[in-house]
Amino acid sequence: MTRFAPSPSGHLHVGGARTALFCWAFAKGHAGTFVLRIEDTDQKRSSDAASIGFVKDLLWLGIGFDEGPEYQGQGGGANGPYFQAQRLDIYQRYFEMLLASGDAYYAFESADELTALRAEAKGKNQPFRYTGESARARAPAEVQRRLDGGEAAVIRFHTRAGAITIHDEILGDATLPEGEVDDFVIRKADGFPTYHFAVVVDDELMGVTHVLRAQEHFNNSAKHIVLQDALKFRRPIYGHLPLIFNPDGSKMSKRDKDKVLRKAVAEKGLTSPPVGTVDPLVFSAWLKDKNTQLDLEAAQSLALAIGAVLPEINVDDFRKSGYLPEVICNFLSLNGWSPGGDLEKFDTEFLKKHFDLSRVVKTAAKFDRTKLLAFNLDAIQAMSRDDFIARVSSHGREMHPEFMSKLTDAQFRSLCDASHERSKTLDELFRANTFIITADDALTWDEKAISKHLRGGEPTGAVHLAAARAILAGCSDWSVASLESALKPFAQSLGNVGKIAQPLRVAVSGESVSPPIYDTLAILGKASSLRRIDRCLASL
RNA sequence: GGCCCCAUCGUCUAGCCUGGUCCAGGACACCUCCCUUUCAAGGAGGACACAUGGGUUCGAAUCCCAUUGGGGUCACCA
C-alpha cells in the first residue's frame with residue numbers, strides 16, 4: 001500500500017504529479033492499494049473550499065485512487081477519515097501514550113523566544129537544536145498548573161541518544177549521527193499535530209507499507225523513525241525521489257510566474273496595472289515586495305494584457321496549454337526513472353508493470369519543456385485523423401469557445417487536417433489562426449508583411465495578387481485540389497511559387513505565416529477570400 | 001556553518017551492483033544538407049559527456065579514498 005499525501009491545494013504541480021504517479025504505479029504494479037490523504041494540519045493554510053481542487057488534475061492524468069476523500073466515484077475506504085484535521089481525537093490518544101511513557105513532554109517557549117534562539121545559532125553558524133533538559137526537569141505539578149492557567153504549550157518528542165539509520169530503497173542507507181534529531185514539536189499550541197506526528201500515526205493506521213516521497217523529506221525520515229519506535233509501530237519501506245528543477249537549476253515553483261511577470265513589467269516600465277487586470281493597490285504592493293505572489297487569476301489577466309507568457313508549473317497549466325495527459329505521464333516518468341535500454345515512449349499501463357524502486361535515479365532532474373513539447377508532437381502525429389479532430393475540438397470548446405462557434409464543422413475539420421502534422425499542442429491551432437475568425441472587414445495587415453510581400457518584388461506582389469484574384473474569381477469549385485490546379489500553372493509561370501503564395505497569404509490572413517495557402521483559402525471560403533484580397537489591394 | 005545525499009553529452013538518461021564486448025548507447029536540443037508556397041513537419045548526415053586527483057587491478061565510466069562542485073535539511077510548513 002502506498003499513499004500520496006499532499007497538503008490541500010487547488011492545483012497539483014508537476015513535482016507532486018510525478019510523486020503521485022510513482023506511488024500509484026508502484027501500488028498498482030504490486031496489486032496494492034493507493035491511498036490519497038490530505039495533510040491539512042496547518043490551520044492557516046487549510047481553509048479554502050477549493051482545497052482539494054488538485055484531485056481533478058490527478059484524475060485528468062489518469063491517476064485514480066482506491067482510498068481517500070470521496071470524489072467523483074473515487075475514494076472512500078475503511079481507514080478514514082482521510083483529512084487529518086478530522087483525525088484529531090485519534091492523534092490525541094497517541095499523544096497521551098507518549099506523555100505517559102515519558103517519550104513526550106510539554107514545553108512553554110513562545111514562538112518569539114524560539115526565533116531568537118534560532119537567530120542566535122544562525123549568527124554563530126551553528127545548527128539550532130532544541131535541548132529540552134529544563135523543560136523535561138519541570139515538576140509535573142508545575143506543568144499541570146501552567147496548563148490549567150491556560151498557558152500556551154506544545155508537546156515535544158523526547159528523542160533518545162543514539163545515531164539513526166535511515167534505510168532507503170533508492171538512496172541506500174544513511175546514518176545521522178547522534179544529536180542530529182532534537183526534541184521536535186509533535187503537537188502545536190493549537191492542538192493540531194505537526195506533520196511528522198500525523199504522518200507516522202496515519203501511515204501506521206492506514207497500513208501504508210511503502211512511502212515514496214520527494215528527497216526534501218529525507219532527513220524527516222529520521223524523526224519518523226524515532227516516533228515509530230516509541231509508538232511500537234512498523235516501519236514502512238522508504239524511497240526518496242529525486243527533485244525536479246527548472247532548467248536553470250532553481251526550484252520549480254509558482255513564484256516563477258511572478259518572476260516572468262515582474263520581468264515583463266520592468267521591461268515595459270509599467271508603474272500601474274493595465275485597466276481591468278489587477279487592483280492598483282495589490283499591484284503596487286506586489287511590485288514593491290518581490291516575495292509576494294499574485295493570485296492565479298490576477299497573474300493570468302495581467303499576463304494577457306502585457307503579452308507575457310506564463311511558464312507552465314501546475315498540471316492544469318499544461319492541460320490548458322494543450323498537452324496530452326498521457327504525454328505528461330510518460331515524460332514525468334522519465335524524470336527520475338527509466339525502464340532501461342533505449343525505450344522512452346510508454347504508457348501508464350507499461351509503467352504500472354515495470355516501475356520499480358531499483359531503477360529510480362538518485363540525481364535531480366531539470367525539467368525540459370522542449371523535450372516535452374517534442375513528445376507531445378509525436379503523440380499528436382501518431383493520432384488518427386478522427387482522434388485528433390475529437391481532441392482538438394474538445395479542447396477548443398473549453399478553451400476557445402468563440403473560435404469554435406465561428407467555424408462551421410466543415411471549416412473546422414479542414415483546419416484540423418491542415419494543422420495535424422504541425423501541431424505540437426492541442427492549443428496551437430487556435431492561437432496561430434485567429435485571422436480565420438476575424439471578420440473580413442476587421443482584418444488588418446502586418447506592416448512588415450505588406451511591405452515585403454505586396455509592395456516588394458519586381459513586379460510587385462500586389463500585381464501578382466491582382467492576377468491571382470482574377471483566376472480565383474473564376475473558380476467555381478473551392479476545394480483544395482481545384483484551387484491548386486487553378487493557381488498552379490500561373491504560379492509556375494512566375495518561376496517561384498512563393499511569388500504568388502506569399503502575397504495571397506498576407507492578403508487573406510494579414511500575416512506572413514498561415515497554414516498551407518490552398519488550405520487557408522479553402523477554409524476561408526470563396527466570398528471571404530475574395531473580399532479580403534480586395535480590401536488588401538484597396539489598402540495599398 | 002553542522003549533518004545528510006548526489007556527480008555520464010547543453011538537457012533527460014542507458015551502461016555501474018556482477019570491472020574487459022564502451023575510443024560510452026538512445027532521446028530532446030544544436031549544426032549542416034535535402035525537401036518546400038510561409039511557419040512547421042519530414043528525410044539524410046554531424047558535433048557533443050564518464051568533474052578532478054590518487055589508489056586497487058593485466059585492465060576502471062564501472063571498485064576504494066580524497067578534492068571540487070551541486071543539492072537537501074537544520075519551523076508550533078508540509
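Proteins get letters first, then strands, A, B, ... in listed order; numbering begins at 1 in each.
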Which part of the nucleic acid does [X] contact within heavy-atom distance under 4.0 Å: base, sugar-phosphate only, or nothing?
X	answer
L334(A)	sugar-phosphate
V185(A)	sugar-phosphate
P516(A)	base
A111(A)	base
K124(A)	nothing
L343(A)	nothing
S512(A)	base
R369(A)	nothing
T41(A)	sugar-phosphate
R213(A)	nothing
V361(A)	sugar-phosphate
F367(A)	nothing
E109(A)	base
E39(A)	sugar-phosphate

I'd like to know whether the aromatic ring centres of [X] and [Y] sit less than 6.0 Å apart in this structure.
X	Y	value
H158(A)	F184(A)	no
Y195(A)	H224(A)	yes
F331(A)	F367(A)	yes

Would you please classify the geometry between the W337(A) ring and the F355(A) ring as parallel, tilted or perpendicular, with 30° and 60° separating the classes? tilted
Please verify the inter-ring angle class for F95(A) with F197(A); under 30° counts as parallel, over 60° as perpendicular, anything in between as tilted.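 It falls in the parallel class, under 30°.
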Between A47(B) and A7(B), how far is it from one P atom to the other, in whole Å? 29 Å
Measure the spacing between CD of E169(A) and CG of L212(A) and express it to the nearest 0.5 Å. 9.5 Å
Should E39(A) and R37(A) count as an ion pair when the cut-off is N to O under 4.0 Å?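 Salt bridge: yes.
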Taking 4.0 angstrom as the limit, do R160(A) and D103(A) come out as a salt bridge?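 Result for this pair is yes, salt bridge flagged.
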What residues in residues 189-197 of chain A put a non-hydrogen atom under 4.0 Å from any atom of RNA chain B? A189(A), Y195(A), H196(A)
Please compare Q126(A) and N496(A) by the position of their nearest nucleotide in RNA chain B and report the one closer to 5'. Q126(A)
Just to verify, what does V463(A) make a side chain to side chain contact (heavy atoms under 4.5 Å, CB included) with, not counting sequence neighbours? P459(A), T460(A)
If you walk 5' to 3' along RNA chain B, what is the first nucleotide with an atom under 4.0 Å of a heavy atom in chain A, and what is the last?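 Both ends considered, the range comes out as G1(B) to A78(B).
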